[in-house]
Asker: 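I have a structure I would like to understand better, so I am pasting it below and will then ask my questions one at a time.
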Amino acid sequence: MHPSVVTRFAPSPTGFLHIGGGRTALFNWLYAKRHGGKMLLRIEDTDRERSTPEAIEAIIDGLKWLGLTWDGEPIHQFARAARHAEVARDLVARGHAYFCYATQEELTEMREKARAEGKPMRYDGRWRDRDPATAPPGVKPVIRLRAPVEGETMIEDMVQGKVTWSNSDLDDLVLLRSDGTPTYMLAVVADDHDMGVTHIIRGDDHLTNAARQTQIYQACGWPAPNMAHIPLIHGPDGAKLSKRHGALGVEAYRAMGYLPAALRNYLVRLGWSHGDQEVFSTEEMVQFFDLKNVGRSAARFDFAKLSNLNGIYMRQADDRALLAAIEEMLAHVEGGEATLKALQGEGRTRLLAMMPGLKERAKTLVELMDGARFLFAKRPLTLDEKAAALLDDDGRKRLAEVVAALEAVSDWSVASTEAAVRALSESTGAKLGQLAQPLRAALTGQATSPGIFDVLAVLGREESLGRLRDQL
RNA sequence: GUCCCGUUCGUCUAGAGGCCUAGGACACCAGCCUUUCACGUUGGCAGCACGGGUUCGAAUCCCGUACGGGACGCCA
C-alpha cells in the first residue's frame, strides 16, 4: 500500500462526459478513497481547436451528478504550456530530444511508404543526428524525443501485467509542436510528474501511449507512476462505444431517470468484481475496490441490468429523496417544466403519498412518473385501450355497484374503502378482481396501477367518486 | 498492414491445477403469491472459442489457430 495515493481523472473537453469516462473517473475516485488518497481533476485542453468551455462545464456537471468529487481546483493543462515547453527544451539541452524540420509532406510520404511496405508508420529519424545549422529557412521545427532504438520498453501494469514493446517499433514522437505548444504525450508526463500523481488509471486505449510516455519519463529522469489500464466499455454490438452506438453523456442517463447511485453500482461491476456481490453501497465499494480484481476484457453495456439495479435502488430509496431526484431529472428533461409545475401543492402531496406504491412498479424515474400520470390528470379521464376494454357493459355494471357501495363510505380511507368493496364482493359473489379492475380503469385510465385502495385514498372521496361517475 | 490486449451461459461476472456434475446476477420461460402490474419466491433454459502440449489431474499453465478489440497524428 502506498503511503499517499494520488490519482487523477484527465478528460479532454471535446464533448460530454461519456459513460466510459464516467467509469474511469469512478475507478480513480474509488482507488483514491480506498487508500485515503486524493483524486485530482485535470482538463486536457491542449487541443485549442476542439476544447470548449461548454464541454468543461458538461464534464464537471456530469462528475458532480455522479457524486464523484476531486481534490483541489481543476487543473487546466493548457495553462501549463510554458512549463511543458521548458521540459522539452531541457530535454534538447541534455541530448534526449532534438529539433526536427521535416514538413507535413515528408511525413505523409513516410507514412505512405511504410504502409506500402507493410511496416508500422514511424518517423524515420532524418533529423535525429542532423546538424540544425542545415535547417531549411522558414520552417519552424518541432521537438522530437530521441527515443532508444534498441532494446525494449516495458511497463508493469497493475491490470494488464507486464507488457513489453520492442523499441524498434516505437519512433521519435513529437513533444513540442512547431507553434511551441506541447503535445499530449509531453503534457501528460510533465503534469503527472509535477502533480505528484502516483497512480494513472485510464482506459486501455492508452496502453500503447504508456510505452511512449515511459520513454519520456526515462529521458526526463523521473520515476514513472504506477499504471492501470482498464478495459473499455463496448456498445451492445461489441464495437467500440461511439456516438452512433449510443455513447451517451452521463447527463443522458439522468434524463432517462437513472439514479446516480445505481449508475455507479452498475459501472463498478463492469470489469470489477468482489466475489458474487452485485449490490454495493458506496461505502462498500470504497472498502472493497481493488485493481487486482479488475478484469482485462472489454464489457458490453447492458441497459437491462442497469434498469434492474436502478429498480432496486429506487425501491430502497426514501420517498422524499426520490421526489428530489425526480425534480432534478425533470429540470434536465425536455418538457419537464410542465410536470415540475404539476408538482406544486396538491400534486406534490399526492405524488409523495403514492410514492411507496409507485416506486415498487418502476425501474426508472421516467417510468415512475409515467405510472403517476393519473394523479395529475383532469376529469374526465381519457382511458387507454386496456382500460377501455375493462369498462365494457359488464364492467360498467359492476362499477355502478361499486360506486353505490363507496358512496355509503363516509370516513374515506384505505381500510374503509377496501372493507366496502370486499363486502360487496361477498354479497354479490363477484371476485375481488372483477370489481377492482373496472375500478382501476375508471380511476386511473389504465389497467395497471398501485394498489387500488391506496389510489382511492390518495385521490380522496370527492375526486374518486367523480372519476367513477364519469364512466357510468 | 504492424504492434499490443483479450476470448467462461444472450449480457455482466465467480473461478489463481483437484472443492467444477463450472457458481452468482441480469434477461428469458414456467409455477407460487395476488385486486392489476410490479415486488417477492420456487424451478428451468443456457457457457469454459478451437487444436495441440505439460500434468496422475486443466476453465485454470505453455504453444499455435480463429475471432474480437485497441493503438499506430505537429488529437487527446
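Reminder, nothing fancy here: chain letters follow the sequence lines and each chain counts from 1. Values below: all heavy atoms of this structure, side chains included; hydrogens, waters and symmetry mates excluded.
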Asker: Between B:rA76 and A:Asn209, counting only base atoms on the nucleotide and side-chain atoms on the residue, is there a donor-acceptor pair under 3.5 Å?
Answerer: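 A donor-acceptor contact between them is present.
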Asker: Can A:Arg144 be said to sit on top of A:Tyr98's aromatic six-ring, NZ or CZ under 6.0 Å from centre and within 45° of the ring axis?
Answerer: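 Pair A:Arg144/A:Tyr98 does not count as cation-pi.
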Asker: Looking at the base of B:rG24, is there any donor atom on it, or on the side chain of A:Glu278, that sits under 3.5 Å from an acceptor on the other one?
Answerer: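 Looking at the base of B:rG24, it does pair with a donor or acceptor on the side chain of A:Glu278 (distance under 3.5 Å).
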Asker: Can you tell me which nucleotide in B:rA71, B:rC5, B:rC12 comes closest to the side chain of A:Asp205?
Answerer: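 Of B:rA71, B:rC5, B:rC12, B:rA71 is nearest to the side chain of A:Asp205.
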Asker: Taking any heavy-atom pair under 4.0 Å as a contact, classify A:Ser307: base, sugar-phosphate, or nothing.
Answerer: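 Here A:Ser307 touches no strand at all.
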Asker: Compare the minimum distances between each of B:rG6, B:rA76, B:rU35 and the side chain of A:Arg422, then state the nucleotide with the smallest one.
Answerer: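 Minimum distance to the A:Arg422 side chain belongs to B:rU35.
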Asker: Looking at B:rG24, B:rA38, B:rC74, which one has an atom nearest to any side-chain atom of A:Arg144?
Answerer: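 The answer is B:rC74, which lies nearest to the side chain.
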Asker: Centroid-to-centroid, A:Trp272 to A:Phe280, below 6.0 Å?
Answerer: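 Distance test on ring centres: under 6.0 Å, yes.
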Asker: If you look at every strand shown and take non-hydrogen atoms under 4.0 Å, does A:Ala102 touch a base, only sugar-phosphate, or nothing?
Answerer: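 If one applies the 4.0 Å heavy-atom cut-off, A:Ala102 turns out to touch a base.
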Asker: Among residues 434-442 of chain A, which ones have heavy-atom contacts with RNA chain B below 4.0 Å?
Answerer: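 Residues of residues 434-442 of chain A that come under 4.0 Å of RNA chain B are, in numerical order, A:Ala436, A:Gln437, A:Arg440.
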Asker: Report yes if a side-chain nitrogen or oxygen of A:Arg111 is closer than 4.0 Å to either non-bridging phosphate oxygen (OP1 or OP2) of B:rG73; otherwise report no.
Answerer: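 Yes, within the criterion.
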Asker: For the side chain of A:Thr448, starting at C-beta, report the closest nucleotide among B:rC75, B:rU36, B:rC26.
Answerer: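 Taking heavy atoms from C-beta onward, the closest nucleotide is B:rU36.
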Asker: Indicate yes or no: at least one non-hydrogen side-chain atom of A:Leu173 is less than 4.5 angstrom from one of A:Ile216.
Answerer: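 The answer is yes; the side chains approach within 4.5 Å.
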Asker: Rounded to whole angstrom units, what separation is found between the NE2 atom of A:His206 and the P atom of B:rC75?
Answerer: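 Answer to the nearest Å: 16 Å.
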Asker: For B:rC67, which nucleotide is its Watson-Crick or G-U wobble mate, given both distances must be under 3.5 Å?
Answerer: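 Partner of B:rC67: B:rG6.
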Asker: Quick check for you: among B:rA76, B:rG69, B:rU35, whose closest atom lies nearest to any side-chain atom of A:Ile452?
Answerer: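 Among the listed nucleotides, the one closest to the side chain of A:Ile452 is B:rU35.
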Asker: Using the C1' atom as the point on both nucleotides, what is the distance between B:rA66 and B:rC45, in whole Å?
Answerer: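 Result for the C1' pair: 28 Å, nearest Å.
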Asker: Heavy atoms from C-beta onward define the side chain here; which of B:rC74, B:rC39, B:rC3 lies closest to that of A:Gln104?
Answerer: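 Of the candidates, B:rC74 comes closest.
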Asker: Please determine whether any donor N or O and acceptor N or O are separated by less than 3.5 Å between the side chain of A:Thr183 and the base of B:rC74.
Answerer: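 Side chain to base: no pair present.
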Asker: Consider the side chain of A:Ala304, meaning its heavy atoms from C-beta on, and name the nucleotide among B:rC12, B:rC5, B:rA27 that approaches it most closely.
Answerer: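 Out of B:rC12, B:rC5, B:rA27, the nucleotide with an atom closest to A:Ala304's side chain is B:rA27.
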Asker: Just how far, in rounded Å, is P of B:rG73 from OH of A:Tyr184?
Answerer: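 Roughly 15 Å, once rounded to whole Å.
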Asker: With respect to the phosphate group of B:rC26, does any side-chain polar atom (N or O) of A:Arg269 fall under 4.0 Å of OP1 or OP2?
Answerer: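 No, no such contact exists.
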Asker: Looking only at the side chain of A:Leu432 (C-beta and beyond, no hydrogens), which of the listed nucleotides B:rU11, B:rC74, B:rU35 gets closest?
Answerer: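 Of all the options, the side chain of A:Leu432 is nearest to B:rU35.
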Asker: Over all strands shown, is A:Pro450 touching base, sugar-phosphate only, or nothing at heavy-atom distances under 4.0 angstrom?
Answerer: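 The answer is base, as A:Pro450 lies within the cut-off (heavy atoms under 4.0 Å) of a base atom.
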Asker: Which nucleotide, B:rU35, B:rU11, B:rA76, lies nearest any side-chain atom of A:Phe453?
Answerer: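 For A:Phe453, the side-chain atoms sit closest to B:rU35.
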Asker: Examine the base of B:rA27 for any acceptor or donor lying under 3.5 Å from a partner atom in the side chain of A:Lys305, and report the outcome as yes or no.
Answerer: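 Looking at the base of B:rA27, it does not pair with any donor or acceptor on the side chain of A:Lys305 (distance under 3.5 Å).
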Asker: Between A:Thr444 and A:Arg440, do the side chains contain an N or O donor and an N or O acceptor separated by less than 3.5 Å?
Answerer: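 Their side chains do not contain a donor-acceptor pair, so the 3.5 Å distance test is not met.
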Asker: Record whether the side chain of A:Asp204 comes under 3.5 Å of the base of B:rG70 through a donor-acceptor pair of N or O atoms.
Answerer: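 Donor-acceptor pair under 3.5 Å: no.
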Asker: Measuring from the side chain of A:Arg315 (C-beta onward, heavy atoms only), which nucleotide among B:rC39, B:rA76, B:rC4 has the closest atom?
Answerer: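 Looking only at side-chain atoms, A:Arg315 lies closest to B:rC39.
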Asker: Tell me if the side-chain of A:Arg361 makes a donor-acceptor pair with the base of B:rC37, cut-off 3.5 Å, by modelled atom types.
Answerer: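 Result: at least one qualifying N/O pair found.
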Asker: Is there a donor on the side chain of A:Arg50 or the base of B:rC75 sitting less than 3.5 Å from an acceptor on the other?
Answerer: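 Checked by distance alone, the answer is yes.
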Asker: Rounding to an integer number of angstrom, what distance separates B:rC29 and B:rA38 when you compare their P atoms?
Answerer: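 That atom pair is separated by 11 Å.
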